[in-house]
Amino acid sequence: MWKKECVAMILAGGQGSRLGVLTKGNAKPGVPFGGKFRIIDFVLSNCKRSGIDTVGVLTQYKPLVLNKYLANGSPWDLDGYHGGMYILPPYMTEHGGSWYQGTADAIYQNIDYLEQYQPEYVLILSGKHIYNMDYSEMVEDHKKQGADITIAVIEVPWEEASRFGVMKTDAAGKVTGFEEKPKDPSSNLASMGIYVFTYQVLRSFLIDDSQDKVSDHDFGKNVIPKMLKAGKKLYAHTFDGYWKDVGTIESYYEANMDLLDRKHASALFLEENKVYSNNKFLPPHYVGPSGKVQNSIVADGSKIFGSVKNSIVFSGATVGEGVHLEDCILLPNAVIESKVTLKKVIFTEDSVLNEEDPIAERLTDYVRKHSSENEVSIIDENRFFSSKTDGKGFVNLKELLDIG
Amino acid sequence: MKKVVGIILNNSKKNELDIKNIENKGDPHTAIASKYRLIDFPLSNMANSGIRNVAVMLGNYSQKLTEHIGSGKDYGLERNINGLLYLEEDYLTLQGLGTPNDLRDLLKNIDYLTNIKEEYILVSGSNFVANIDYKKIFNEECLEDCDMLLLYKKNDQKLRFVNQVVLNAKGVFEDIYYVTEETVVENLFMDTFFIKKEVLIQMLRAANRSGILCMNAFLRKVKREITIKAYEYTEFAYYIDSPKSYYEANMAFLDQKIWQQIFNVSRRLIYTKNSDLPPTAYGPRAVVENSLLTSGDEIYGQVKNSVIFRNVKILDNSTIENCIIGDNSIIEENVHLKNIIIEPNCRISSNTTLISSPENPMVIN
């Protein structure tokens, strides 16, 4: 095995329960995003961009869609001879085995994987962020500072700082304090959940943390505060591009809609550092004689015969004649053929609204009546969800409209 | 299809005499239908038919072709055993001196052909846009007692430099001859045939001995000795060899029926090199009607009855009608185009108006 200077570990096992029905058959990193991508494309493309060719993807929750999508890593050029992309689910050992208990435990359980490469540095990444970033600059910073851990941070508006883990730093970027979701934030530098560790330090802290019975085995909550307390060298690396955590239905919706803004789109889709995806073999999309598309994003393989405004139409989706969509998201292969007029609705993957569908007639009125201005609705197989319930509680439209 | 090897010939230069002519639209790397190239069709058809051993004749465009096809990964033809292979053409055909149905290129590769273990060889050109199930044709027509099977289609395009298949009253193969005058060729040879390996080797050796390096002449001579069958292909297939046929074929894809026959056939997708561009972005004032668009496009103006290739920008207040806009082209503000083919990497500066006729579309490069 060739020694690697830096190995990346992507945490992709989370359920993403706040995405509700969007993750019903799929882990969060596998959720479709931005017309033709899946969320994990961004972090994998960043690895390619940064010249990191050895990547472990830690999976746990419903991994089948993700496994199939990631395949052998070749869409992201991660199918090399020396290194490549490896999917790392929990496994049994002679002492038994367990599920990944937290972010730190997931890495701890794969220490043998890291040992194979004897890396100098380990990059811990999350599979739920939308951004285009060169990690090699961060690793360089880490080396220059002689740090034990470097944490990527981004400046957020002060009023939002309390939603994040925030870092207090000195002038040189050295972290002097860390607060997880503070009520009264003393800094607006939010942790992006991206860490460069010096491997030997990481190793010893993980082994130590695994023995700690009261620990939640979480990087943000346990390991980083322990390192700060132990007087280790923590540095912050500031990123000033577009970055979004798509952990909730609202933020998922917002991040998709951000792409309609050319400023955000051009910060993500760089000409020389593309976002790669395993999304081949789709024919160009067709806008029919009755189609109308304004201020929207439309992916290949889709067909548009209706009117689409401020919306994202994903691969293979169909908008039938007489359909009016505004501020909507049609996930891959969603088909809407009955004449509905809808606003701020996400249609889930493969959901179908046929021309003869009995709910179609009254759907327009129902959605208008039951969703407010700043609320996103989700329609999935006749079930109607609202973002207010984190996409969990639902109304069965068929039953409701048949009765009422 | 374990019994079949595929070979894709490069027939382009035999259609147009001037190989440097930029308007030549029959080359295997000719871009079509927003994101494809002509070579994608025979390659995908062979791959989808389960042929795992495919050789591509390179010709004069080796760099463009190898860049596009690469290892064959996008077509599922990157294999440990067999897979994709490139062959070189004869130097005379490289200079454009070949004749139609020339055996020179195959003769040059006779060592490769002799060593093939498969029983049949499927030879194809790359001028046809079609989604062909070779497996079905082979299983139905070829397995028993057939030395050679020629594919032809009923045609209404006016063409020249193509081959006409002649059948007798019973529909049995009679002759194949080359057409030099522009005419409506009724039974158009699709440059595609299955042939038993031994028969091909025999044909090549005979050609080498006699110096008559033309398949047509050989077939005329041996048609009583071997079984030659002709198969009429009845699904959509369009022959591309000129700006006009190129224009018409692109426009044909705006017809949803034709579209379905080519791009929406279950288990028979057409593959191409992946570009990894973001999906199409439509601006607030975009108006798009009856058109094909693809990744990387940014549309702010009006587009009607047009085929837009990858990474094209059409800026505000511009109108595009009945046009084909090539890869990476930029149409600036206030441009009006009608019945125009814009080649890849063009920039049309603002306030330009260009109108030509659909019968004879203007090509801008």
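Chain letters run A, B, ... following the sequence lines, proteins first, then strands; residues in each count from 1. For the numbers below, each heavy atom of this structure counts, side chains included, while hydrogens, waters and symmetry mates do not.
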Against chain A, label Leu254(B) side chain, backbone, both or neither, depending on which of its atoms sit under 4.5 Å from a heavy atom there.
-> both

Who wins among Ile312(A), Leu282(A), Leu260(A), Ile304(A) for the most heavy-atom pairs under 4.5 Å with chain B?
-> Leu282(A)

Name the member of Gly288(A), Pro75(A), Ala299(A) that forms the most heavy-atom pairs with chain B at distances under 4.5 Å.
-> Gly288(A)

Which region of Val275(A), side chain (C-beta onward) or backbone (N, CA, C, O), has a non-hydrogen atom less than 4.5 Å from a non-hydrogen atom of chain B, or is it both or neither?
-> backbone

Identify which part of Phe314(A) has an atom lying under 4.5 Å from any heavy atom of chain B, answering side chain, backbone, both or neither.
-> neither

side-chain contact (heavy atoms from CB on, under 4.5 Å) partner of Val287(A), chosen from Val288(B), Val287(B), Leu292(B) | Val288(B)

I'd like a table of all donor-acceptor pairs linking chain A to chain B (distance under 3.5 Å, no angle check), giving the atom names and the distance to one decimal.
{"residue": "Lys36(A)", "atom": "NZ", "partner": "Leu277(B)", "partner atom": "O", "Å": "2.7"}
{"residue": "Arg262(A)", "atom": "NH2", "partner": "Glu298(B)", "partner atom": "OE2", "Å": "2.8"}
{"residue": "Lys274(A)", "atom": "NZ", "partner": "Ser275(B)", "partner atom": "O", "Å": "2.9"}
{"residue": "Ser277(A)", "atom": "N", "partner": "Asp276(B)", "partner atom": "OD1", "Å": "3.3"}
{"residue": "Lys280(A)", "atom": "NZ", "partner": "Asp74(B)", "partner atom": "OD1", "Å": "3.4"}
{"residue": "Leu282(A)", "atom": "O", "partner": "Lys35(B)", "partner atom": "NZ", "Å": "2.6"}
{"residue": "His285(A)", "atom": "N", "partner": "Leu293(B)", "partner atom": "O", "Å": "2.8"}
{"residue": "His285(A)", "atom": "O", "partner": "Leu293(B)", "partner atom": "N", "Å": "3.0"}
{"residue": "His285(A)", "atom": "ND1", "partner": "Leu293(B)", "partner atom": "O", "Å": "3.3"}
{"residue": "His285(A)", "atom": "NE2", "partner": "Tyr282(B)", "partner atom": "OH", "Å": "2.6"}
{"residue": "Tyr286(A)", "atom": "OH", "partner": "Leu254(B)", "partner atom": "O", "Å": "3.3"}
{"residue": "Tyr286(A)", "atom": "OH", "partner": "Asn290(B)", "partner atom": "OD1", "Å": "2.3"}
{"residue": "Val287(A)", "atom": "N", "partner": "Ser291(B)", "partner atom": "O", "Å": "3.0"}
{"residue": "Val287(A)", "atom": "O", "partner": "Asn290(B)", "partner atom": "N", "Å": "2.8"}
{"residue": "Val287(A)", "atom": "O", "partner": "Ser291(B)", "partner atom": "N", "Å": "2.9"}
{"residue": "Gly288(A)", "atom": "O", "partner": "Asn290(B)", "partner atom": "N", "Å": "3.3"}
{"residue": "Gln294(A)", "atom": "NE2", "partner": "Pro284(B)", "partner atom": "O", "Å": "3.1"}
{"residue": "Asn295(A)", "atom": "N", "partner": "Tyr282(B)", "partner atom": "O", "Å": "3.2"}
{"residue": "Asn295(A)", "atom": "N", "partner": "Gly283(B)", "partner atom": "O", "Å": "2.9"}
{"residue": "Ser296(A)", "atom": "N", "partner": "Tyr282(B)", "partner atom": "O", "Å": "3.0"}
{"residue": "Ser296(A)", "atom": "O", "partner": "Tyr282(B)", "partner atom": "N", "Å": "2.7"}
{"residue": "Val298(A)", "atom": "N", "partner": "Thr280(B)", "partner atom": "O", "Å": "2.9"}
{"residue": "Val298(A)", "atom": "O", "partner": "Thr280(B)", "partner atom": "N", "Å": "3.0"}
{"residue": "Asp300(A)", "atom": "OD1", "partner": "Thr294(B)", "partner atom": "OG1", "Å": "3.0"}
{"residue": "Asp300(A)", "atom": "OD2", "partner": "Lys35(B)", "partner atom": "NZ", "Å": "2.8"}
{"residue": "Asp300(A)", "atom": "OD2", "partner": "Thr294(B)", "partner atom": "OG1", "Å": "2.7"}
{"residue": "Asp300(A)", "atom": "OD2", "partner": "Ser295(B)", "partner atom": "OG", "Å": "3.4"}

For the student: nearest non-hydrogen atoms of Phe37(A) and Pro278(B), plus distance = CZ-CA, 4.2 Å

Side chain, backbone, both or neither of Leu269(B) within contact of chain A (heavy atoms, under 4.5 Å) = side chain

Closest non-hydrogen atom pair between Gly35(A) and Pro279(B), with its separation | CA-CG, 4.1 Å

